[in-house]
Student: 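What follows is a structure written as C-alpha cells; I'll ask about it next.
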Amino acid sequence: MYPIVRLLKDAVLASRQPRLAPLDTHVSRHHCWPWDIDIWMELNNGRTLTLYDLGRTMLTLRSGLAGVLKREGWAVAVAGTSIRYRRRIKAFERFEMKSRAIGWDDRFIYVEQGMWKANGDCANHALLRTVVTDKNGIVAPARVIKAWGLDIDSPPLPDWVLAWCAAEDKRPWPPMSDAETDPDHVRLASAS
C-alpha cells in the first residue's frame, strides 16, 4: 500500500523548508516502521523504491518544478533505475535520505538518491533516469528548464552516469523471449 500518510507529512514538512535550486539536495529523515520491513526484519527493497519516490516528490515541490508540471499539464515518470544495497536498515532504525538531480541530456533528467544510517554509512544508493511527459510523449529537458523560467545548462554528467547510460543503450528492448535465451526451450519447441 502506498504510504499516503507519509506523503502528506513529508509534503507539509517540505512546504515549510527553504526553496531549492534545481541541482540542490533535498534531505529527509525517516524511521523504518514495521510496515516497511520484510521477513528478515529490515527495510524491504520494494519499500526502498517507494521511499525514494517520496524523496523525488518532495524535491520537485521544494524546487518549484511541481508547479511547472501542474501549469503545463506534464507528468514525471521513471525510465530506468539502478540501485546498490550495501547496509541493512533494520526495523525501527532511523535513517536520512538525500535526493538530487545530477543533470540532464536531450531526453532524460538524472537523479541520484541515497539512504544514510545514523553512523554515517550509506545503506543504499540509486541512480534514476526520469522523464517529463505530456500527451505526445517525452518533453525535452531544455523545454522543461525554459518553462521553469530558468536559463541554465546541465553540468557535465559524471563518468559513472555516462557508463550506466552506455550500458542501458546496449540492453535489448523489448527483452528477448525465452526461446531466444533458453537453449533447452529451443530444443523442446523444435521437437514438438
Side-chain angles (χ1 to χ4, degrees), residues 2-3 7 10-11 14-15 17-28 45-86 97-116 122-178 180-181:
Y2 198 81
L7 172 68
D10 284 358
S15 72
Q17 294 175 314
R19 181 90 178 244
L20 294 175
L23 298 169
D24 285 351
T25 301
H26 169 69
V27 179
S28 55
N45 63 309
R47 182 59 90 179
T48 299
L49 287 171
T50 300
L51 293 174
Y52 276 150
D53 185 54
L54 291 179
R56 289 189 310 281
T57 301
M58 298 315 125
L59 181 63
T60 63
L61 287 172
R62 289 190 61 201
S63 66
L65 179 58
V68 176
L69 298 172
K70 184 177 180 183
R71 183 186 74 229
E72 299 293 331
W74 295 339
V76 177
V78 172
T81 308
S82 175
I83 300 183
R84 280 183 166 177
Y85 295 94
R86 291 296 184 261
M97 182 167 53
K98 298 178 183 179
S99 307
R100 75 177 183 114
I102 302 172
W104 52 91
D105 57 24
D106 59 335
R107 295 180 63 201
F108 303 109
I109 299 169
Y110 297 92
V111 177
E112 76 169 318
Q113 296 181 276
M115 291 183 183
W116 300 81
C122 184
N124 55 67
H125 180 259
L127 170 62
L128 301 99
R129 67 169 35 160
T130 63
V131 291
V132 174
T133 61
D134 65 11
K135 62 183 179 182
N136 300 312
I138 294 175
V139 177
R143 186 172 159 209
V144 174
I145 296 294
K146 186 175 180 182
W148 207 343
L150 301 171
D151 184 19
I152 57 172
D153 294 323
S154 173
L157 293 171
D159 288 344
W160 62 274
V161 174
L162 295 174
W164 179 69
C165 293
E168 282 291 298
D169 289 343
K170 291 180 182 174
R171 187 175 174 182
W173 191 264
M176 293 188 225
S177 69
D178 288 341
E180 294 170 313
T181 59

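Nothing here was measured: the structure is a model prediction, and the numbers come from that model.
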Student: Distance check, rounded to the nearest 0.5 Å: S82 atom OG versus E112 atom CD?
Tutor: 12.0 Å

Student: If you compare all heavy atoms of G103 against all heavy atoms of P155, which two are closest, and at what distance to 0.1 Å?
Tutor: CA-CD, 4.3 Å

Student: Does the side chain of D53 reach to within under 4.5 Å of the side chain of V78, using non-hydrogen atoms?
Tutor: no

Student: Assess the residue pair E168 and F108 against the criterion (side chain to side chain contact (heavy atoms under 4.5 Å, CB included)); give the C-alpha distance rounded to whole Å, side-chain angles, the decisive distance to 0.1 Å, and a yes or no.
Tutor: CA-CA 13 Å; E168 282 291 298; F108 303 109; over 6 Å; no

Student: How would you list, by chain and number, every residue that makes a side-chain contact (heavy atoms from CB on, under 4.5 Å) with V76, sequence neighbours excluded?
Tutor: L69, T130, V132

Student: As an exercise, state the distance from OG of S15 to CG of D10, rounded to the nearest 0.5 Å.
Tutor: 11.0 Å

Student: Can you give me the closest heavy-atom contact between S63 and A21, atom names plus distance?
Tutor: CB-O, 4.5 Å

Student: I'd like to check I83 versus L49 (side-chain heavy atoms, cut-off strictly below 4.5 Å). Are they in contact?
Tutor: yes

Student: Determine whether R84 and C122 make a side-chain contact, defined as any pair of heavy atoms from C-beta on separated by less than 4.5 Å.
Tutor: no

Student: To check you understand the geometry: which heavy-atom pair defines the closest contact between L59 and A101, and what is its length?
Tutor: CD2-N, 4.0 Å

Student: Looking at R171, I want to see if its CZ is surrounded by more than 12 non-hydrogen atoms of other residues, nucleotides or ligands under 6.0 Å.
Tutor: no

Student: Can you tell me how far CE of M97 sits from CE of M58, rounded to the nearest 0.5 angstrom?
Tutor: 8.5 Å

Student: Take atom CG in D153; do more than 12 heavy atoms of anything else shown fall under 6.0 Å from it?
Tutor: no

Student: Could you point out which residue of K98, R56, R100 forms a side chain to side chain contact (heavy atoms under 4.5 Å, CB included) with Q113?
Tutor: R56

Student: Flag the pair L162 / Y110 as yes when at least one side-chain heavy-atom distance between them is below 4.5 Å, and no otherwise.
Tutor: no

Student: So do the side chains of W160 and L127 get within less than 4.5 Å of each other, counting heavy atoms only?
Tutor: yes

Student: For the atom pair SG (C165) and NZ (K170), what is the distance rounded to the nearest 0.5 Å?
Tutor: 12.5 Å

Student: Could you give the distance from CG (L23) to OG (S154), rounded to the nearest 0.5 Å?
Tutor: 7.0 Å

Student: To check you understand the geometry: which heavy-atom pair defines the closest contact between Y52 and A126, and what is its length?
Tutor: CE1-CB, 3.5 Å

Student: Check R71 against A147 and note the closest heavy-atom contact, atom names and distance.
Tutor: NH2-O, 2.6 Å

Student: Of the non-hydrogen atoms in T133 and V139, which two are nearest, and what is the gap between them?
Tutor: C-CG2, 3.8 Å

Student: Are any non-hydrogen side-chain atoms of L20 and H26 less than 4.5 angstrom apart?
Tutor: yes

Student: Any side-chain heavy atom of R107 sitting closer than 4.5 Å to one from D105?
Tutor: yes

Student: When you compare the side chain of I145 with that of W104, does any pair of heavy atoms fall below 4.5 Å?
Tutor: yes

Student: Whether the side chain of R86 engages the backbone of H125 through a donor-acceptor N/O pair (distance < 3.5 Å, no angle test) should be reported.
Tutor: no

Student: Look only at the side chain of R62 and the backbone of R19, and say whether a donor-acceptor pair between them is shorter than 3.5 Å.
Tutor: no

Student: Step by step, work out the side chain to side chain contact (heavy atoms under 4.5 Å, CB included) result for V144 and L65.
Tutor: CA-CA 9 Å; V144 174; L65 179 58; 3.9 Å; yes

